[in-house]
Amino acid sequence: MEYIVEKIGMSRTITVPSKPVTLLRVLDQKVCEVEEGTAIVAYNSGKKMNKAIEGQQKKYSLPAEFNRFATLEVANTEAGDLDIAPLAEASVVRSSFNTKGRGFAGAMKRWNFSGGPASHGHRFGRRTGSIGNAEWPGRVMKGKKMPGHYGNTQISVKNEIVSYDAENKIIAVLGSVSGANGALGRVKVAK
């Protein structure tokens with residue numbers, strides 16, 4: 001079973017010794033259409049609205065706040081509110097979030113290179129250094145660690161569930177989860 005969740009932030013348990021936990025809130029979701037375990041699910045995310053979204057809302061007779069759609073594995077057998085009962089028995093979940101985007105970054109920041117000497121007339125500084133080979137193969141190999149776009153990639157992590165508040169739909173998972181606070185991601189029941 002999969003769910004769209006919002007990352008609230010990190011906290012810790014009040015046990016001794018305390019454990020670091022990440023709080024995830026399960027969003028209100030409506031199942032629009034179910035087909036062999038997978039379903040089209042509508043949820044609320046921002047104020048985005050266009051004719052395609054309006055057409056989907058009219059087709060599935062949804063209120064205006066449900067303006068995003070996703071395909072998820074669900075426990076439901078028919079359309080309606082998403083069944084979140086499987087979360088009560090779950091012990092491990094797989095969380096998928098996008099990491100924080102850091103834009104175009106140099107090799108030192110992106111790959112943790114050490115850089116060159118900072119004194120005595122060197123011009124090396126924070127540069128990458130040599131990237132090519134000799135006459136053979138005479139080209140830069142694919143996958144070379146170089147400057148470029150850093151972050152904003154999807155990372156999936158398995159986390160143990162510490163507690164689940166069914167009333168407020170908040171899951172506390174052990175350890176950290178990628179992404180900024182307030183980011184939306186997916187949680188899949190693993191065990």
Side-chain angles (χ1 to χ4, degrees), residues 1-12 19-30 32 38-54 56-57 65-74 82 84 87 90 92-116 124-132 139-162 164 169-191:
M1 305 323 105
E2 286 181 289
Y3 303 93
I4 304 286
V5 294
E6 178 190 359
K7 181 178 174 182
I8 297 171
M10 287 196 75
S11 185
R12 61 183 178 184
K19 295 178 181 176
V21 294
T22 304
L23 303 175
L24 305 171
R25 184 173 60 85
V26 180
L27 297 181
D28 291 329
Q29 297 158 66
K30 297 260 187 209
C32 303
T38 59
I40 296 171
V41 175
Y43 61 98
N44 180 10
S45 174
K47 296 178 181 176
K48 185 177 181 181
M49 188 59 66
N50 57 33
K51 285 189 177 179
I53 293 170
E54 284 175 11
Q56 291 281 71
Q57 288 173 337
E65 69 260 16
F66 291 99
N67 60 351
R68 294 288 174 100
F69 298 88
T71 306
L72 304 175
E73 290 178 27
V74 295
L82 185 68
I84 57 169
L87 280 174
V92 176
V93 291
R94 186 180 188 85
S95 315
S96 298
F97 279 82
N98 272 14
T99 58
K100 289 181 181 178
R102 291 168 175 86
F104 190 98
M108 283 181 71
K109 181 172 182 175
R110 190 179 183 201
W111 300 110
N112 199 24
F113 287 175
S114 58
F124 190 165
R126 297 178 63 88
R127 290 192 207 160
T128 314
S130 177
I131 59 165
R139 63 191 171 89
V140 176
M141 305 301 276
K142 281 192 174 174
K144 179 65 75 177
K145 292 179 179 178
M146 292 174 75
H149 191 101
Y150 178 34
N152 197 27
T153 54
Q154 193 177 73
I155 302 284
S156 295
V157 189
K158 276 189 180 176
N159 298 85
E160 188 182 317
I161 293 179
V162 176
Y164 171 62
K169 297 181 184 175
I170 294 176
I171 310 165
V173 294
L174 190 67
S176 63
V177 166
S178 310
N181 294 345
L184 297 183
R186 291 183 183 209
V187 156
K188 187 174 185 175
V189 175
K191 242 195 248 181

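Any value given below was found using the heavy atoms of this structure, including those in side chains, with hydrogens, waters and symmetry copies removed.
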Would a distance-only check, ignoring hydrogens and angles, find a side-chain to backbone donor-acceptor pair under 3.5 Å from Ser178 to Asn98? no
Spell out, as yes or no, whether a donor-acceptor pair under 3.5 Å connects the side chain of Thr99 to the backbone of Thr153. yes
Cation-pi check for Tyr150 against Arg110: NZ or CZ below 6.0 Å from the six-membered ring centre and within 45 degrees of the axis, yes or no? no
Could you measure the distance from the NZ atom of Lys100 to the CG atom of Asn152? Nearest 0.5 Å is fine. 13.0 Å
Okay, side chain of Glu54, backbone of Met49: is any donor-acceptor separation there less than 3.5 Å? no
Looking at every non-hydrogen atom in both residues, tell me the closest pair between Thr128 and Phe113 and how far apart they are. CG2-CE1, 4.1 Å
Could you check if a side-chain atom of Leu23 sits within less than 4.5 angstrom of a side-chain atom of Met10, using non-hydrogen atoms only? no
So do Tyr43 and Leu184 actually touch side chain to side chain, heavy atoms under 4.5 Å? yes
Before giving the answer on side-chain contact (heavy atoms from CB on, under 4.5 Å), spell out for Lys7 and Val5 the whole-Å C-alpha distance, their side-chain angles and the decisive distance to 0.1 Å. CA-CA 7 Å; Lys7 181 178 174 182; Val5 294; over 6 Å; no
On a heavy-atom basis, which atom in Val140 and which in Ile131 lie closest, and how many Å separate them? CG2-CD1, 3.7 Å
Answer yes or no: is there a side-chain heavy-atom contact under 4.5 Å between Tyr164 and Ile84? yes
Is the number of heavy atoms from other residues, nucleotides or ligands under 6.0 Å of Asn112 CG greater than 12? no
For the residue pair Ala42 and Phe69, what are the closest heavy atoms and their distance? CB-CE2, 3.6 Å
A quick test of your reading: do over 12 heavy atoms of other residues, nucleotides or ligands sit less than 6.0 Å from CZ of Arg102? yes
Rounded to the nearest 0.5 Å, what separates atom CG in Asn44 from atom CG in Asn67? 5.5 Å
CZ of Arg186 to CG of Leu72, rounded to nearest 0.5 Å, is 5.0 Å
Pairwise distance CD1(Ile53) to CZ(Arg68) - rounded to 0.5 angstrom: 6.5 Å
For Ala39 and Val74 the tightest heavy-atom approach is CB-CG2, 3.5 Å
Val93 backbone acceptor or donor facing Asn159 side chain under 3.5 Å: no
Could you report the tightest heavy-atom contact between Pro147 and Ala107, atom names first, then the distance? CG-N, 4.0 Å
Look up atom NZ in Lys19 and atom CZ in Arg12, then write down how far apart they are to the nearest 0.5 Å. 14.5 Å
A side-chain contact here means heavy atoms from C-beta on lying under 4.5 Å apart; do Val41 and Tyr3 qualify? no
Asp28 versus Lys169: any side-chain heavy-atom pair under 4.5 Å? yes
Shortest non-hydrogen pair, Val177 vs Thr22, comes out as N-OG1, 3.7 Å
State the CD1-CD distance between Ile4 and Glu6, to the nearest 0.5 angstrom. 12.0 Å
